[in-house]
Each structure stands twice: as C-alpha cells, then as structure tokens.
Number of protein chains: 2
Amino acid sequence: MLTISVDHNAKTPIYKQIFDQIVHHISIGELQPGNYLPASRTMAGILDVNFHTVNKAYDILRDQGIIALSRNKKYVVKNSPMDDLSLHRLEERESEIIDEAFARGFNEKEIHDFITGIIKSRNRKNKGALKK
Amino acid sequence: MLTISVDHNAKTPIYKQIFDQIVHHISIGELQPGNYLPASRTMAGILDVNFHTVNKAYDILRDQGIIALSRNKKYVVKNSPMDDLSLHRLEERESEIIDEAFARGFNEKEIHDFITGIIKSRNRKNKGALKK
DNA sequence: AATGATGTACTATATGATATAGAACATATA
DNA sequence: TATATGTTCTATATCATATAGTACATCATT
C-alpha cells in the first residue's frame, strides 16, 4: 500500500515531497524493483494536485535512474545502485550537515551516534514491514 | 583569513552559499566564538553581491543562534551548542540522505563508512589549520 | 560635537522556480 | 475502436531570490 501525502502549506515544494516519499518507500523495501508507480494522473487525483506536479517528481526520479519507463508506458522502480554522480551529490549534502553538526560542538562519535539513532528509529517504525 | 566565494550561476541561492561557508569555517575552527564577521556592506563589496543578500545570510545565522549582535553593532560568532530545534531540523535533512542511501542499496555499515570518509577528507584538508 | 560606520527597516523592480490549467499528440492496451 | 498512458506545448499566477535605493538609530572615532 503506497501511502503518500502532501502538505500544500509546507515550504518544501510539492514535487519534492512526492519525490522524497517515493524514495522513502523504496528505502524501507515497501516499493521494490519491478513495482509500478501509479499513473501520474491517478496519483494527482489522489493527492489533489496537478498532474504536471506529479510528472515533475517522476521526471527527477527517472533522471536519477531510480525509476524507468517500461514498454507498457508505466513507470517501474529500478534497481539503482549508487553511481558516481549520485554519490557526489549525496556527499555535498552530507557535508553541509556534518559542518553544522561540528559547528554546534558535535564530535565524530556524536555524529555517528546521530546517524545510528535515525536508522534505529527508522527500523522501529518499519519493524513489521521488514522481511525475515 | 576568512575566504568566502560565491557562484552567481549555481542553483544554490547566494545567501545560502554564504551561510554554508560561514558554518563551514566555524566547523573547522577557523572561525571561533568571539570572532567578528565582516560588516555586511564590506562582505558584499568583496563578494560583489548586494548587501541585502549578505544580510539575509546573517539573519538566518542569527535566527539559528550561531551568531549574535554584540553591543558595538558587530556580528560575533557564538558558542551555539545543539538545541532541540536545530537537532530536529538536522534529523529531517539527514533522514532524506539516509533514505536515498538505502534506496540505492547501501546498508548501515556503508552509510557509516560514507560519513567517516567525508569527515576524514575534511580533516585532511584542514590538517594545517588544526591546533595542536 | 561632528563624522562615519554599523545594523535595520521600508519600498521597489526583475527574474526564476513553483504550481496550476488546458490542449494536443503518439503509443500501448483492452 | 476506444481508453489510458506519457509527453509536449502554451499560458497564467504566486512566491523566492537578488538587486537597488533611501532613510534612520546607534555606536565608535575623530
């Protein structure tokens, strides 16, 4: 069950909210390679947004190699191992966070604990969804 | 020596480029609590941007408690330990990155190695600047 | 006391990003 | 054939970003 919600009042653009939540569903295994995404008009109807906005989210997901258009004209989740470009972009964003953490007095161990804490709370939330 | 540069063609807003670089200088100890920031007009002249743009960066730094206006009307770097709000914001940004990493097949150890690598390369770059 | 430098507060304008809307088209499916 | 799909185009409205100019209060220096 693909649950996605958008906040029209948030500062985060709607297309990015959609993008982020699809990536999240993939990250917890709720969306797996081979699974189809809803048609952009369908998704737009459910979320009560314009289908162009959904298309923008799908476009970026495709540009990043996370989804692909299959022969039947439907978007499907790909297996998308980390490539150099994605890694580089992720490093830049992570560097900003690490800078802020250090600027506020964190040391290296505290940063690792910070990461561990987020991953643990993630696993707790999706305990039932984990396989095996 | 406070070296800051802006890229007018980058997609990242100029005020955020300035914000990020000041935070970076603090994070590596090149800017320390008690140090003054250049006057916004001075900084703007050096970077060849409008002083309102510098003010916006300073405003956000002040809102986040990273700098403060001292009695002589100059901005000074504060000691700004992690507070609940800052931690929460950082967690949200970090969660996005962790989601993308997991979505691309990283496991928990690979994420920690990813973090460690960034910190190590940071330390290498600033070896000479480290004290003691 | 006077001058200059500082942050701050307003107005204004221009450009790009975001979101919506509608229309049209090619292709795949039923 | 008819429907659903992604895609492409134009168009409009709103907000964020960046620039610009002006004015003012306060602080430091002369």
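Numbers restart at 1 for each chain; the letters A, B, ... are given by sequence-line order, proteins then strands. Note: hydrogens, waters and symmetry copies are ignored here, and every other heavy atom, side chains too, is used. In this text the structure is predicted, and so the values were computed from the model without any measurement.
Summarising the geometry, the separation between CG on L61(A) and C1' on dG6(D) is reported as 15 Å, rounded to the nearest angstrom. Atom CG of N72(A) and atom P of dG6(D) are 10 Å apart (whole Å). When the C1' atom of dA20(D) is taken as reference, atom CZ of F51(B) falls 9 Å away, rounded to whole Å. For the pair K11(B) NZ and dT18(C) P, the interatomic distance rounds to 13 Å; values are reported in whole Å. Between the C1' atom of dG6(D) and the CE atom of M43(A) lies a distance of 14 Å, rounded to the nearest Å. To the nearest angstrom, C1' of dA18(D) lies 7 Å from CG of N50(B). Going from atom NZ of K56(A) over to atom P of dT20(C) covers 11 Å, rounded to whole Å. When the C1' atom of dG7(C) is taken as reference, atom CG of N55(B) falls 7 Å away, rounded to whole Å.
The side chain of R71(B) contributes no N or O atom lying less than 4.0 Å from OP1 or OP2 of dG7(C). For dT8(C), one of the phosphate oxygens OP1 or OP2 lies less than 4.0 angstrom from a side-chain nitrogen or oxygen of Y75(B). Between R62(B) and the phosphate of dT8(C), there is a side-chain N or O to OP1/OP2 separation shorter than 4.0 Å. Contact check, Y15(B) against dT17(D): a side-chain N or O comes under 4.0 Å of OP1 or OP2.
Taken together through direct or relayed side-chain contacts under 4.5 Å among Ile, Leu, Val, Met, Phe, Trp and Tyr, F114(A) and L90(A) form part of one hydrophobic cluster.
Closest to the L69(A) side chain, of the nucleotides dG6(D), dA18(D), dA9(C), is dG6(D). Among dA19(C), dT5(D), dT20(C), the nucleotide with an atom closest to any side-chain atom of K73(A) is dT5(D). Of the listed nucleotides (dA24(C), dT17(D), dA19(C)), dA24(C) has the atom at the smallest distance from the side chain of R41(A). Across dT19(D), dG6(D), dT20(C), the shortest atom-to-atom separation from the side chain of V49(A) is found for dT20(C). Closest contact between the side chain of A39(B) and the listed nucleotides dG7(C), dT18(C), dT20(C) involves dG7(C). Comparing dA18(D), dG6(D), dT7(D) by their closest approach to the side chain of T53(B) singles out dA18(D). Distance from the side chain of D59(A) is smallest to dT7(D) among dA28(C), dT20(C), dT7(D).
In this structure the side chain of P38(A) reaches within 4.5 angstrom of the side chain of L2(A), judged on heavy atoms.
Counting non-hydrogen atoms of neighbouring residues, nucleotides and ligands closer than 6.0 angstrom, the NE2 atom of H88(A) reaches no more than 12 such neighbours.
With hydrogens and angles ignored, a donor-acceptor pair under 3.5 angstrom links the side chain of H52(B) to the base of dG21(D).
By the side chain to side chain donor-acceptor pair (under 3.5 Å) test, N35(B) is found to be paired with no residue, residues two or more places apart in sequence or in another chain being considered.
Side-chain contact, S86(B) with D83(B): a donor N or O sits under 3.5 Å from an acceptor N or O.
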